[in-house]
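Single-structure report; data block below.
We use all heavy atoms of the structure for the numbers below, so side chains are in, but hydrogens, waters and symmetry mates are not.
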Amino acid sequence: MVSPVKRFLAAATLIGAGLAAGLVLSWRVELGPAVAERNLAWADSRGQVNPAASPESPFVSVADRVVPAVVAISTESRAPGKRQQFHPWGDMFEDLFPNDPRNERDTPQRPPRQQGSGSGFFLDEDGYIMTNNHVVNDAEKVTVTLSDGSELDAELVGQDPETDIALIKVDPKDHKKSKLPALELGDSNSIRVGDWAIAVGNPFGQLAGSMTVGVISAKGRQDLNIMGGTPQYQDFIQTDASINFGNSGGPLVNVHGQVIGVNTAINPAGQGLGFAIPINMARQIADQLKKSGRVVRGYLGIYPQALTPELAESLDAPREEGIIISQLESDTPAAQAGLHQGDVIIEMNGKALNSDVNAFRLQVAQMPVGETIHLKVFREGKTQSVDVKLGERPSAVVAGAPGKPVQDEESWAGLRVEEVERGVDRGVEPEEGVRVIDVEPDSPADDAGVHEGDIVKEIGNIEISSLRDYRNAVKKYADKKAVALLLKRDEQTLYVGLKP
C-alpha cells in the first residue's frame, strides 16, 4: 500500500514537470517566435529543405561592396620586332668583306600588336586604380571596364617593378552614370593564418567580377619567380582562394570587404596556391607614385649576406643571427659612416636582427631617405655602434607615359645596366664595366646594335668600371647627337655608334 507521503511527492513531481513544459512552450511561442520560425523554415511538412529560407552567406555583403569597385584592365602594346644584326661599321665593312657572316641582316618586320588583360581596383573617387606593374608594363594604351559595363581610357601615373605595383588613373568626368566606387584599405599586418581571404578579379580576361573564397595559408613568402617580371622586394601573402590568369592586380579582401592584398601570382604547377602583395606595402608605393610618379627608397650601399651558425662560430660573433656586409660600395652612406666589409650587423634601431636578408633589405628600403639609423655591429671581436644617414637608392624609378621607356639612373637610350659583379651567378666573370640587362626594341641602343649581355667598357672618352662611371658618362653625353660605345661581347670587343 502506497503511503500518503509518497502519493504527495508523486503529485508534486507531475505538477513541477507540467509547469516546466508550459514555461518552455511559452518561451518558444511568446519570447522566441522568430527563432522558432527560422528553425522550422528550413523544411516543410514533408521534411524537404526550403532554399529560399536558408540563412544568407556572409560573403554576399562582401561581394555587394567589393565587386563594383573592381575593374577589368585591357592593354595594347607593340610586340618586339626582329633585331637587325650588322657590323657597327655598316656598309663600308660589307664592301670590304662581302662574305663575312656578320653582314647578314634580318628582314625588318613591323611588330604586331599585343593584347593583355588583368584586374585593378579603385582607391578613391578621383579615379586612381591600383594594379600590378606587369599588367600595364610597356602598354601603349590602357582601357578599364567597370562592373556596369562602361569603358574608360586610363593613363599611367607611375610604376614600380621592384614590388610589381602600378598606379593608373581614369577621369571621373568620363564616367557619367554615377560617382566612382572605391574600396577601403585594411591592415595586412593584422592578418593571421587561417583568416578568411576573398579574391576578386577578372580571370582569363573574360570572367569579369569573379569572386573566390579561401583562407590565409601563410605570410611572408619570398623568393618567388613571377611571370611578367620577378619583383625584387617580396613579402607575399599566400592564400588558397583561387587566383587565375587575369586576376593579377585585383584585390584580396577580408570578411569586412577591406583590401588586405593585391593578387599577383599563381603557382601553375600546383593547385590552391595563390600569392598577393600585402596592402601595407602596396599602399606605401601607391602613395609615392601618386605624389611624385616615382618611388624613393632608403639606401645603405652594401651587399648583405646571411650570418649562419657556422660563420658566427668562425667569427666568434656574439649571436648566431645577423647580417654580414659581404661587399661595401665606395662613396655610399655605409662607407661614409665607417662601416667595413666583414662587419656583422646584429641590431638596427635597437632591435635584434635575424639572418633574413630579404627582410633586412625591405626594411631599409622602406625607411625615409635622410633618416639616421642606429646600427650595432660586430667587428674583430668587438661590438660597436654606428649611425648611418640613409641615402636614396640609385635605381629609384620614374614614371613614364604609356608607350614610353621608363627612365632611371641605370636606364639611358633604351639601355638598362647593372654592376658586372651582380651578374656572377648568371655566368658573367667579374670584370670592370657595366652589364647590359635589357635593350628596349626600336630604341637608340637597339638601332646601334647593342645586345643584352654586352659589357660597356667605354662611353666616349670615359672608361667605365662601375655604375658611378656610367652615370657620369650619361650626364656628359646625354645631350650629344652621337657617342661611341666600346662593348665587350663574349671574347670580342667592338665599338658602336649610339645616337641618344
Check: Is the shortest heavy-atom distance from the side chain of I464 to the side chain of I459 under 4.5 Å?
Finding: yes
Next item on the list: State the CG-OG distance between D164 and S248, to the nearest 0.5 angstrom.
Entry: 7.5 Å
Note to self: Looking at every heavy atom in both I243 and F275, which two are closest together, and how far apart are they?
What the structure shows: CD1-N, 4.0 Å
Check: Short question: side chain of R361, backbone of P304 - any donor-acceptor pair under 3.5 Å?
Finding: no
Item checked: Beyond-backbone contact of P172 with K179, side-chain heavy atoms, under 4.5 angstrom -> no
Check: What is the distance from atom CD of E151 to atom OG1 of T145, rounded to the nearest 0.5 Å?
Finding: 4.0 Å
Note to self: What verdict does the salt bridge (Lys or Arg N to Asp or Glu O under 4.0 Å) test give for R416 and E452, after you've listed the backbone C-alpha separation in whole Å, the side-chain angles of each residue and the deciding distance to 0.1 Å?
What the structure shows: CA-CA 9 Å; R416 281 188 59 81; E452 181 178 334; over 6 Å; no
Margin query: Within the structure provided, determine whether V200 and V67 are in side-chain contact (heavy-atom separation under 4.5 Å).
Written below: yes
Next item on the list: Run the numbers on L123 and F121 for side-chain contact (heavy atoms from CB on, under 4.5 Å), then give the verdict.
Entry: CA-CA 6 Å; L123 293 174; F121 57 95; 3.7 Å; yes
Notebook entry, point to check: Got a second to check how far D454's CG is from L415's CG, nearest 0.5 Å?
Noted result: 9.0 Å
Next item on the list: May I ask you to decide if P251's main-chain N or O and N263's side chain share a donor-acceptor pair within less than 3.5 Å?
Entry: yes
Note to self: Testing the 3.5 Å rule here: is there a donor-acceptor pair between the side chains of S119 and N247?
What the structure shows: no
Notebook entry, point to check: Roughly how far, to the nearest 0.5 Å, is CG of D195 from OG of S217?
Noted result: 11.5 Å
Next item on the list: Apply the test salt bridge (Lys or Arg N to Asp or Glu O under 4.0 Å) to residues R393 and E162: give CA-CA distance (whole Å), side-chain angles for both, the deciding distance (0.1 Å), then the verdict.
Entry: CA-CA 12 Å; R393 191 169 184 269; E162 295 183 325; 2.5 Å; yes
Check: Is any side-chain heavy atom of E418 closer than 4.5 Å to a side-chain heavy atom of R435?
Finding: yes
Checklist line | Check: T143 main-chain N/O paired with D153 side-chain donor or acceptor under 3.5 Å | finding: no
Margin query: Is the shortest side-chain heavy-atom distance between V62 and W196 below 4.5 Å?
Written below: no
Notebook entry, point to check: Only one of I129, I168, N202 clears side chain to side chain contact (heavy atoms under 4.5 Å, CB included) with V71; which?
Noted result: I129
Note to self: Run the side-chain contact (heavy atoms from CB on, under 4.5 Å) test on V364 and Y299 for me, step by step, so that the C-alpha distance in whole Å, both residues' side-chain angles and the decisive distance to 0.1 Å come before the verdict.
What the structure shows: CA-CA 7 Å; V364 171; Y299 177 64; over 6 Å; no
Next item on the list: Would you sort out whether N358 and Q234 count as a side-chain hydrogen bond (donor to acceptor under 3.5 Å, both in side chains), showing the intermediate values?
Entry: CA-CA 8 Å; N358 287 328; Q234 300 187 15; over 6 Å; no
Check: Can you find a pair of side-chain heavy atoms, one from K389 and one from P333, that are under 4.5 Å apart?
Finding: no
Check: So which heavy atom on V259 is nearest to which on G261, and how close?
Finding: CG1-O, 3.4 Å
Checklist line | R468 CZ: over 12 foreign heavy atoms closer than 6.0 Å | finding: no
Next item on the list: Report the distance from atom CZ of R297 to atom CD of Q366, rounding to the nearest 0.5 Å.
Entry: 8.5 Å
Item checked: G414 versus A445, closest heavy-atom pair with distance -> C-CB, 4.3 Å
Next item on the list: Using side chain to side chain contact (heavy atoms under 4.5 Å, CB included) as the criterion, list what pairs up with T212, not counting sequence neighbours.
Entry: A199, A241, S242
Next item on the list: Could you walk me through whether D160 and T163 pass the side-chain hydrogen bond (donor to acceptor under 3.5 Å, both in side chains) test, one step at a time?
Entry: CA-CA 6 Å; D160 182 42; T163 57; 2.6 Å; yes
Check: Closest heavy-atom contact between L183 and R65?
Finding: CD2-O, 3.9 Å
Next item on the list: Indicate yes or no for a side-chain donor-acceptor contact from S292 to the backbone of L289 under 3.5 Å, with no hydrogens or angles considered.
Entry: no
Note to self: Between D356 (side chain only) and A359 (backbone N and O only), is there a donor and an acceptor less than 3.5 Å apart?
What the structure shows: yes
Check: For the side chain to side chain donor-acceptor pair (under 3.5 Å) test, which of D235, N254, N280 pairs with S188?
Finding: N280
Item checked: Backbone of G322 reached by a side-chain donor or acceptor of S355 within 3.5 Å -> yes
Check: Do the side chains of T332 and E329 get nearer than 4.5 Å, heavy atoms only?
Finding: yes
Note to self: One pair to check against salt bridge (Lys or Arg N to Asp or Glu O under 4.0 Å): E155 and K169. What are the steps and the verdict?
What the structure shows: CA-CA 5 Å; E155 62 175 337; K169 187 180 185 302; 5.5 Å; no
Next item on the list: Decide yes or no on side-chain contact (heavy atoms from CB on, under 4.5 Å) for K290 and D124, but give the supporting numbers first.
Entry: CA-CA 12 Å; K290 185 176 180 179; D124 52 38; 3.1 Å; yes
Check: Which atoms form the tightest heavy-atom contact between P368 and E371, and what is the distance?
Finding: CD-OE1, 3.0 Å
Item checked: Residue pair L328 / A334: nearest heavy atoms and the distance that separates them -> CD1-CB, 3.5 Å
Margin query: N349 vs H374, test: side-chain hydrogen bond (donor to acceptor under 3.5 Å, both in side chains). Steps then yes/no.
Written below: CA-CA 5 Å; N349 289 339; H374 310 286; 4.8 Å; no
Margin query: Would you say that D387 contacts L375 through its side chain, given a criterion of any heavy-atom pair below 4.5 Å between the two side chains?
Written below: no
Notebook entry, point to check: Taking it one step at a time, do Q258 and E184 satisfy side-chain hydrogen bond (donor to acceptor under 3.5 Å, both in side chains)?
Noted result: CA-CA 5 Å; Q258 299 169 322; E184 179 184 355; 3.0 Å; yes
Notebook entry, point to check: Should V170 and H175 be marked as a side-chain contact (heavy atoms from CB on, under 4.5 Å) after you check the CA-CA gap, both sets of side-chain angles, and the distance that decides it?
Noted result: CA-CA 9 Å; V170 299; H175 188 245; over 6 Å; no
Next item on the list: Report the distance from atom CG of N354 to atom CG of L307, rounding to the nearest 0.5 Å.
Entry: 10.5 Å
